[in-house]
Structures are given as structure tokens and as C-alpha cells.
Amino acid sequence: MSFTSPHLAALAPYTPGEQPAIDGLVKLNTNENPYPPSPRVLAAIEAAAHAGLQLYPDPESQVLRRALARHHGVAVEQVFVGNGSDEVLALAFDAFFRHGQPLLLPDVTYGFYRAVCALYGIVPRTVPVDEGLRIDLAAFEATAGEGVAGIVLPNPNAPTGIALPLSALERLARLHPQRVLLVDEAYVDFGASSAVALVERHDNLLVVQTASKSRALAGLRVGWAIGQPALVDALARVKNSFNAYPLDRLAQVGAVAAIEDQAYFERRRDAVVHCREGLLLQLEDLGFEVLPSQANFLFARHPAHDAARLALQLRERKVLVRHFAQPRIDQYLRISIGTPAQCERLLQVLAAIL
Ligand code: PMP
């Protein structure tokens with residue numbers, strides 16, 4: 001006798017990186033932006049907080065979707081928004097991947113995809129990354145003509161930071177014309193090319209982005225998807241069967257302000273990218289092998305030091321990075337790019353440990 005629905009036993013919930021309240025912590029474990037959001041975001045939220053919180057928000061988030069449509073050069077009917085891109089991903093898996101066939105994923109990728117698969121009874125079919133932890137495009141292409149539920153690829157991949165060229169994504173979209181190719185672009189602004197440019201030509205391509213990383217709004221929970229109107233309609237059907245108001249009033253206005261402040265966005269993005277390039281070289285000087293990253297984090301291993309132990313030693317010295325106790329990547333650390341002062345502190349502490 002159990003109170004829970006039968007499918008709960010099969011769930012595999014995702015464990016997010018920790019958010020500890022420790023004074024003076026250098027927090028480089030969840031790929032947040034080290035800078036605050038644009039001051040315009042705060043002004044917009046403050047104004048909205050004084051006007052109308054007793055009223056429900058616009059369930060269709062029209063002003064935000066218009067701002068995103070302008071930003072991406074698409075029609076408003078091609079934009080879907082949700083409570084963080086995790087929610088957009090979960091709704092998309094429900095809408096597009098429940099065909100009773102396997103869903104193609106890289107074996108080394110964002111762990112949340114498997115959690116959503118378990119929720120919906122979708123069977124993932126993992127395609128191994130190569131020895132350099134690069135997505136094996138030939139192996140994905142070899143699935144052409146096979147019955148699959150769809151394909152999910154983050155670009156850049158997480159937690160490696162390695163980006164794919166758009167030509168490869170376009171080939172994959174063509175090879176499975178009956179199924180959706182979902183490209184998760186959580187980190188695209190830090191150096192990769194966006195597949196939004198391909199949406200017009202491919203009715204099976206869905207591109208998911210977030211305000212959590214390059215727009216410094218992880219705390220506000222805003223994500224979106226860009227695709228042709230039929231895909232956006234499908235997402236809206238699922239959303240309106242689950243939660244008609246996923247974005248509150250403050251999130252809607254805050255995200256609009258962040259999207260519209262392009263100059264602020266570029267300045268902070270450039271600072272993060274500049275810091276990443278410096279940190280990569282300095283980690284190499286300390287003996288680390290570092291993967292080439294187009295994201296706001298680096299994935300690095302030290303040939304002479306166990307990664308789990310290093311993560312623990314860093315934590316004892318108030319520097320938090322992410323370690324995944326998983327096959328193939330358990331000797332790596334994922335290090336989010338901080339401010340120059342935070343990166344400097346990381347390097348000092350690492351030098352003392354090594
Ligand atoms: N996709 C990837 C690849 C991520 O790493 C993350 C952040 N953990 C997300 C999506 C979700 O981000 P959010 O829900 O904050 O938009």
C-alpha cells in the first residue's frame with residue numbers, strides 16, 4: 001500500500017548544484033553570471049511591484065514575447081516562454097518526445113534531460129562522445145532512417161563547453177525530418193552560433209534559451225523557445241494543461257528590460273569571455289588539461305590530482321566548483337567563470353593545494 005502514483009518509483013530527479021549561505025564564498029558551481037543584472041531590470045521590477053500584484057500576470061507573456069521576437073528577428077508566434085528553460089525543456093519533452101521510441105542524447109550532457117525522460121517514461125538512447133568529449137556527429141548522423149522520438153543537443157554542450165557548428169545541426173535536422181531536433185542554447189551567448197538562424201528553414205527545429213546565464217537572471221526564472229508556430233502552439237497546449245501563468249509579473253517585466261539592454265549585456269558577456277580565456281591559460285600553467293569552451297565555464301582535469309578530492313579541498317577553502325561523480329567525467333571539475341577577483345582567488349587556492 002503506497003500513497004504515491006506508480007510511476008514515482010521510476011523517477012530519477014535532477015540534483016542542482018548547491019546554493020549554500022556561507023560568508024565570503026567564491027561560488028563557481030552553477031554557472032550563474034558573476035555580475036548583477038542590468039540596473040534597468042531592477043527599475044522595471046520595482047515599478048511592477050508597485051502596480052498590480054493583486055492581478056494575475058498576462059498568461060501569454062505578450063510583451064516579453066514581442067521583445068524576444070524583436071531581439072531574435074522572428075515573429076511573436078514563433079516565441080514560447082516559460083519559468084526558466086528547465087520548464088521549457090520539460091514541456092517540450094512532453095509535447096514532442098513521447099512517441100514510445102528512444103530519444104537520442106549524448107552520453108555526457110546536461111543531467112536534467114534524463115530526469116525529464118524518467119518523468120515521462122521516455123527511453124533515452126545515449127550516443128557516446130569521443131575521447132576528447134566531443135559530440136560524435138557521425139554517430140548521430142548514422143541514426144538517419146531509424147525510428148527515434150527526437151534528438152536533444154545542447155550547444156555548447158554541458159558540462160564540456162564544446163560547441164558544434166551550425167552546419168552540423170542543420171544536417172541533423174534534415175536527417176530526421178519527422179522528429180524534433182531540440183537545441184538547448186543555455187550558454188550560446190558566450191561564443192557559439194545560434195540555431196535560431198535555421199528555424200525559418202526547418203519546421204522540426206526548436207531552439208531553447210535562458211535569461212539565467214548571459215542575462216544574469218537565474219533568480220528570476222525565465223527561459224524561452226524559438227521555433228515555427230506549430231511547435232510553439234504545441235508547447236502552449238501543454239503549458240495550458242499544466243500552469244497557465246508560469247511567468248509572474250516581475251519576471252515578465254524584468255526579462256524585457258534585460259533583453260532590451262543590449263549594451264549592458266555585451267559589456268558583461270565580454271568581461272566573462274575575457275576572464276575565461278585568461279583563466280584557461282592560467283589553469284594550464286598549473287598543469288590542468290582544459291577543454292576548449294564557448295560557455296561561461298571551463299571543464300578541466302589535473303593528471304596528478306583526483307577531481308573529487310580537489311573539489312573537496314577547494315570547498316574547505318571556501319571555493320565552490322562542480323564535480324560530477326559520473327562515468328567518463330569523474331576526473332573533471334566544472335568551473336564557472338567568476339569576476340576577475342574570484343578567478344584570481346580560485347587560482348591562489350589551487351596553487352596552494354597543488
Ligand atoms: N540547459 C543547460 C544546458 C543548463 O546547464 C541549464 C542550467 N542548469 C539549463 C538548461 C537550465 O537553466 P534555467 O532553467 O535556469 O533556464
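Counting convention: from 1, in listed order, for ligands and their atoms alike.
- Proximity of the aromatic rings of Phe297 and Tyr187 is defined here by a centroid distance below 6.0 angstrom, and this criterion is met.
- Annotation: cation-pi geometry satisfied between Arg215 and Phe265 (NZ/CZ under 6.0 angstrom from ring centroid, within 45° of ring axis).
- Against a heavy-atom cut-off of under 4.0 Å, Arg221 is close to the following atoms of ligand 1: 13 (P), 14 (O), 15 (O).
- At the shortest separation from atom 11 (C) of ligand 1 among protein heavy atoms lies Asp86 OD1, 3.1 Å.
- Ligand 1 has an N or O atom lying under 3.5 Å from an N or O atom of Ser212, backbone or side chain.
- Scanning the protein for heavy atoms near atom 12 (O) of ligand 1, the closest one is Ser85 OG, 3.3 Å.
- Taking the centre of each ring, Phe299 and Tyr332 come in below the 6.0 Å mark.
- The residues Asp94 and Arg98 are annotated as salt-bridged, a charged nitrogen and a carboxylate oxygen being separated by less than 4.0 angstrom.
- Close approach to Gly84 involves these atoms of ligand 1, each under 4.0 Å from a residue heavy atom: 14 (O), 16 (O).
- Distances from atom 16 (O) of ligand 1 to the heavy atoms of Leu89, Thr210, Val88 show the closest one on Thr210.
- The shortest distance between side-chain heavy atoms of Arg269 and Phe190 falls below 4.5 Å.
- For atom 8 (N) of ligand 1, the nearest non-hydrogen atom of the protein is Tyr110 OH, 3.2 Å.
- Of the charged side-chain nitrogens involved, at least one lies within less than 4.0 Å of a carboxylate oxygen, so that Lys239 and Glu60 count as a salt-bridged pair.
- The neighbour count for Gln326 CD, taken as heavy atoms of other residues, nucleotides or ligands under 6.0 Å away, is above 12.
- Remark: ligand 1 atoms within the under-4.0 Å shell around heavy atoms of Tyr187 are 3 (C), 4 (C), 5 (O), 7 (C).
- Distances shorter than 4.0 angstrom occur between a heavy atom of Lys213 and an atom of ligand 1.
- Counting heavy atoms closer than 4.0 Å to ligand 1, residue Ala186 contributes side-chain atoms (C-beta onward) but none from N, CA, C or O.
- Screening Ser85, Ser194, Ser214 for a side chain to side chain donor-acceptor pair (under 3.5 Å) involving Glu185 leaves a single residue, Ser194.
- With a 4.0 Å cut-off on non-hydrogen atoms, Asp184 touches ligand 1 through its side chain and not its backbone.
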